[in-house]
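No hydrogens, no waters, no symmetry mates; every other heavy atom, side chains included, goes into these values. Quick note: residue numbers are just sequence positions, from 1.
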Amino acid sequence: MTRSRLIPLAVAALLAAAPAHAQDDDGDMSEGLGLLREGSRMILENLLDEMRPMLEEARPFFEDEMLPFLQELGRQIDDLTAYELPERLPNGDIIIRRSPDAPPIEEDLPEVGEDGEVEL
């Protein structure tokens with residue numbers, strides 16, 4: 001179902017519930033809210049049905065590429081509040097600086113030699 005079909009469905013669901021809201025009877029209001037809930041459910045189910053093929057197509061990328069990347073990023077960034085907002089440099093590099101007031105990192109880091117060399 002295309003977006004152009006989803007919009008009229010959403011409007012119809014809202015219009016079906018609108019008269020019930022204007023009446024004083026709680027039964028009519030409940031019925032209107034029930035219709036609104038059912039219409040919303042139908043819209044979301046149709047949207048998910050449309051998106052399912054795209055999600056299945058993208059799944060290998062997320063499992064093979066994004067998940068390992070995010071896991072490693074999560075391992076290295078212990079607490080997001082300890083970091084400043086990312087900054088993009090003119091060469092395209094992205095730097096995420098640790099806040100000056102953040103607590104020290106508890107992980108063992110390699111020692112930096114006098115000449116700036118790091119033994120891995």
Side-chain angles (χ1 to χ4, degrees):
M1 181 173 288
T2 63
R3 284 187 187 177
S4 60
R5 289 178 142 174
L6 291 176
I7 292 172
L9 279 174
V11 170
L14 289 173
L15 290 175
H21 180 69
Q23 297 178 5
D24 292 333
D25 188 13
D26 286 338
D28 288 343
M29 182 179 241
S30 301
E31 184 180 342
L33 289 175
L35 288 171
L36 181 60
R37 186 176 16 253
E38 180 64 18
S40 299
R41 184 190 61 76
M42 290 172 57
I43 290 170
L44 292 175
E45 281 181 1
N46 289 333
L47 186 59
L48 183 60
D49 287 344
E50 275 189 39
M51 292 178 63
R52 189 169 278 120
M54 182 187 69
L55 294 172
E56 289 300 322
E57 185 179 315
R59 184 180 189 151
F61 169 74
F62 283 106
E63 289 176 349
D64 299 339
E65 303 287 332
M66 290 301 296
L67 186 58
F69 174 80
L70 292 173
Q71 287 173 333
E72 180 61 19
L73 185 63
R75 188 188 69 71
Q76 291 187 26
I77 297 180
D78 53 341
D79 178 11
L80 282 178
T81 61
Y83 293 87
E84 296 177 355
L85 291 174
E87 174 186 341
R88 185 186 309 247
L89 300 180
N91 67 358
D93 288 352
I94 297 173
I95 295 178
I96 304 174
R97 290 190 172 89
R98 193 160 174 86
S99 298
D101 58 342
I105 298 174
E106 297 178 14
E107 185 179 345
D108 292 331
L109 296 176
E111 291 186 27
V112 179
E114 291 179 15
D115 56 355
E117 290 184 13
V118 176
E119 187 174 327
L120 301 176

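- The minimum heavy-atom distance between Arg98 and Tyr83, with the atom names listed, is NH1-OH, 2.9 Å.
- No donor-acceptor pair under 3.5 Å is formed between the side chain of Asp93 and the backbone N or O of Leu89.
- Cluster membership check: Leu73 does not share its hydrophobic cluster with Leu67, using side-chain heavy-atom separations under 4.5 Å among Ile, Leu, Val, Met, Phe, Trp and Tyr.
- A distance of 15.5 Å separates CZ in Phe69 from CG in Asp64, rounded to the nearest 0.5 Å.
- Atoms CD and OG, on Glu38 and Ser40 in that order, are 9.0 Å from each other to the nearest 0.5 Å.
- We find the CG-CD1 distance between Asn46 and Ile43 to be 8.0 Å, quoted to the nearest 0.5 Å.
- Taking a 6.0 Å sphere around CZ of Arg37, one finds it holds 12 or fewer heavy atoms contributed by other residues, nucleotides or ligands.
- Within a 6.0 Å sphere centred on CD of Glu63, other residues, nucleotides and ligands contribute more than 12 heavy atoms.
- No salt bridge links Glu56 with Arg52; every basic N to acidic carboxylate O contact stays at or beyond 4.0 Å.
- Within a 6.0 Å radius of CD in Glu57, other residues, nucleotides and ligands contribute 12 heavy atoms or fewer.
- For Pro86 against Ile94, the heavy-atom pair with the smallest separation is CB-CG2, 3.9 Å.
- Nearest heavy-atom pair, Glu84 versus Pro100, reported as atom, atom and distance to 0.1 Å: OE2-CD, 3.4 Å.
- In this structure, CE on Met29 lies 11.0 Å from CG on Leu36, to the nearest 0.5 angstrom.
- Between the CG atom in Leu80 and the CD1 atom in Ile96 there is a gap of 8.5 Å [rounded to 0.5 Å].
- In this structure, Ile77 is a member of the same hydrophobic cluster as Leu70, with clusters built from ILVMFWY side-chain heavy atoms closer than 4.5 Å.
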